[in-house]
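Below is one structure, written out as structure tokens; the observations come after it.
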Amino acid sequence: MALSFPEEVLEHVFSFITSHTDRNTVSLVCKSWYEIERWCRRRVFIGNCYAVSPGIMIRRFPEVRCVELKGKPHFADFNLVPDGWGGYFYPWVCEMSRAYPWLEEIRLKRMVVSDEGLELVSKAFKNFKVLVLSSCEGFSTDGLAAIAANCRNLRELDLRESEVEDLSGHWLSHFPDSCTSLQSLNMSCLSSEVSFSALQRLIARSPNLKTLRLNRAVPLEKLSTLLHRAPQLVELGTGAYSAEARPDVCSNLAEAFSRCKELKGLSGFWDVVPFYLPAIYSVCSRLTSLNLSYATIQSPDVTKIVTQCPNLQSLSVLDYIEDTGLNALSLSCKDLRELRVFPSDPFVADANVSLTEQGLVAVSEGCYKLQSVLYFCRQMSNSALTTIAKNRPNLNCFRLCILEPRAPDYLTLEPLDNGFGAIVENCKQLQRLSLSGLLTDRVFEYIGKRAKKLEMLSIAFAGDSDLGLHHVLSGCDSLRKLEIRDCPFGDKALLANVSKLETMRSLWMSSCSVSLGACKRLSQKMPRLNVEVIDEQGDLDSRPDSSPVEKLYVYRTVAGPRLDMPSFIRNMAQNPTYMR
Amino acid sequence: MSFETSEITSELTTADDHGLNLNETELTLGLPGESRGRKLGKKRGLIELKSINDEKNQSDAAKASLDEEQLAGWPPVTLYRKKNFRFVKVAVDGAPYLRKINLESYGDYQQLQCVLFEIFAYFTIGNYTSDDLEFKNCYKPSFTTETFVPLMHDSFNNSIAQRIKYVSMYEDNDGDWMIVGDVPWMMFVQTCKRIRLMRRSEDINTARRTHSECSVSSC
């Protein structure tokens, strides 16, 4: 059968289809579309680096320009994944250096990157433009020096929240004078001081610089100098926001800020001295994004800022904002889409700030466009959750963390099942949910029945029995990622829903009641899953099948068992006793 | 303002005693019915009693400070964010209550010394002269993180040492009591659990890391 369109036309049509899901769907239409699509695919996203191998990716997509990889499970952010787990970038960059000489962009999240890997990136890809290392580790400033020195057309270098071995600030001086292409630089995670003159010159010769996130070591007194060189900035992360209180320094800073007519996003603000806050007032009315989550300033100061930001869409803040501040936010910031409130003192049982569920209720009432919530607090009630749910049916991300595990409704002392039930019932587009507080199996029944669009679910210290897990696995049609810790979920639910796991990216269970034997049986039934048991106590081979596993990570893969597992991780398909 | 004070008492592990005198219970004050959520685990070395002041301070003193290592990975705050909240308690011998400071706010030992000095001066005003406040005497302008000169050790080598009454010590994450200033600043920030400004007469028995040959004279 002849094609209705020539290949070139189809390719041109496909070039307008950018979402990964849509490209995947296009490739399934027929064999010729599969072939055309794979040759013109330029961007690949791999949500679990062990789900596929570099070789498989390269074989299918020979002309890729942008690769995005994710490594460790999300709970690695909270120290639940032991060191040495894996997620190594080097095997990927080795093969890509041979197969993709024209690679332009690499985006990594929670991967282990080495200086050798960065050096290879800097030398193998002549047109390399974008490097984003999000929550990565394993490399030092030497690796950054290689990138700075060798990537002639570097546009973006973003190290957000990575753990970098900071040998010195000298790496920045490796950007050659001929490098003028920089558009985005995020070095906020680094501690060493860089040469200020090198930084200043780099900024001065980067006319397209739009995003600049400084590290803490850049002193406030010098910020105005940098701003004068880059009035075109759209996003700025300050360094430490403290200095001796000097009116002349403050007015210089205010003047420098006022020249930045394009500035829409602010972050940084470590060690804030309130004396200098008025310097940003002139830009507040244009701000769409504000991250004050490292600013240890009290409610009146925070409130004073946010009430001057009527165009704010995204706010991150510490609980110092208190209920009064959130109330003011709900009245001033009608365009707010995303709110994240972090705990100032997460390890103390009793609140030292007056932030309760009322703050979140107020924001849910006043901010009609609110879609995404991350909220740490110390008390919650079913009535508050129900009110929030009814106010904001357009929520797509709701992550609530009540600091005390298993905390009940503080008014009625009941579980919070009904409250979260209201959330999943009213917020029909909910894609991400994190639970906390006292919860029985009933909340999972509600979730399984109602949360049909839910893609990611995080559960901690909740549930009564396997029934809870069974509700989720059997009911949540769109579930991709499930992470569970310290719940009484065990073998029965897992083994009753084995096929479900192949429709998901991954499942994490730690400190639950899953037995070694069940893991083996799961692996046996589902050969295209990697069932990995993590147990740092050793001697996994001699444990009885009835013994509980410490941590379990199950994910679908077409690459088979991985070859880089440390001694404390076992793939159940390779279990010696099983293979008998 | 009248108040009852309880002495801040301590039992410290010595250098030779590898934590065998474990004091497994930490006594804190709690109001009836207050839930404790999670159990407190082993605490090596120190029993602390926070003092009772008036009613308000009674409830303040009842706050349980939860050991972050008891419940791994909870609350779910990223390490990157946790690193920015290195709040440690500062206890001054004889003071009626403790203070808390955020180590991440300071860039080096010099800045820490200034803050500790402020806290010390606040509590000892009128009782001690500036000669007893060793912090300023020991501050060395040339101090950098590379040289990590043990600030306190030198105090025992000069004549001023006789008058200095307070030593700043810290408990590290192994439960050992160390002199502030021994290790590089970043290592200190990461390993310091609490700080104590201790009266010199007691420090003969404290755990110290020192290479000095000089003997410490008792005050």
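The figures that follow rest on heavy atoms only: side chains count, while hydrogens, waters and symmetry mates do not. Here is how names work: the chains are called A, B, and so on, in the same order as the sequence lines, proteins then strands, and each is numbered from 1.
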Less than 4.5 Å to any heavy atom of chain B: does that hold for the side chain of A:Ala460, its backbone, both, or neither?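 Contact with chain B: side chain only.
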
Atom group of A:Phe75 that falls short of 4.5 Å from chain B, counting heavy atoms: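 For A:Phe75, neither part sits under 4.5 Å from chain B.
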
Is any side-chain heavy atom of A:Asp77 less than 4.5 Å from a side-chain heavy atom of B:Pro76?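 Heavy-atom side-chain distance check fails, nothing below 4.5 Å.
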
Can you check whether B:Val77 reaches A:Phe78 side chain to side chain, under 4.5 Å on heavy atoms?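 SC-SC contact between B:Val77 and A:Phe78 ruled out.
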
In Å and rounded to the nearest 0.5 Å, what is the CG to CZ distance from B:Leu71 to A:Arg485?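 B:Leu71 CG to A:Arg485 CZ: 5.5 Å, rounded to 0.5 Å.
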
Hey, is the main chain of A:Leu403 close enough, under 3.5 Å, to the side chain of B:Trp74 for a donor-acceptor pair?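 Yes, B:Trp74 side chain to A:Leu403 backbone: donor-acceptor pair under 3.5 Å.
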
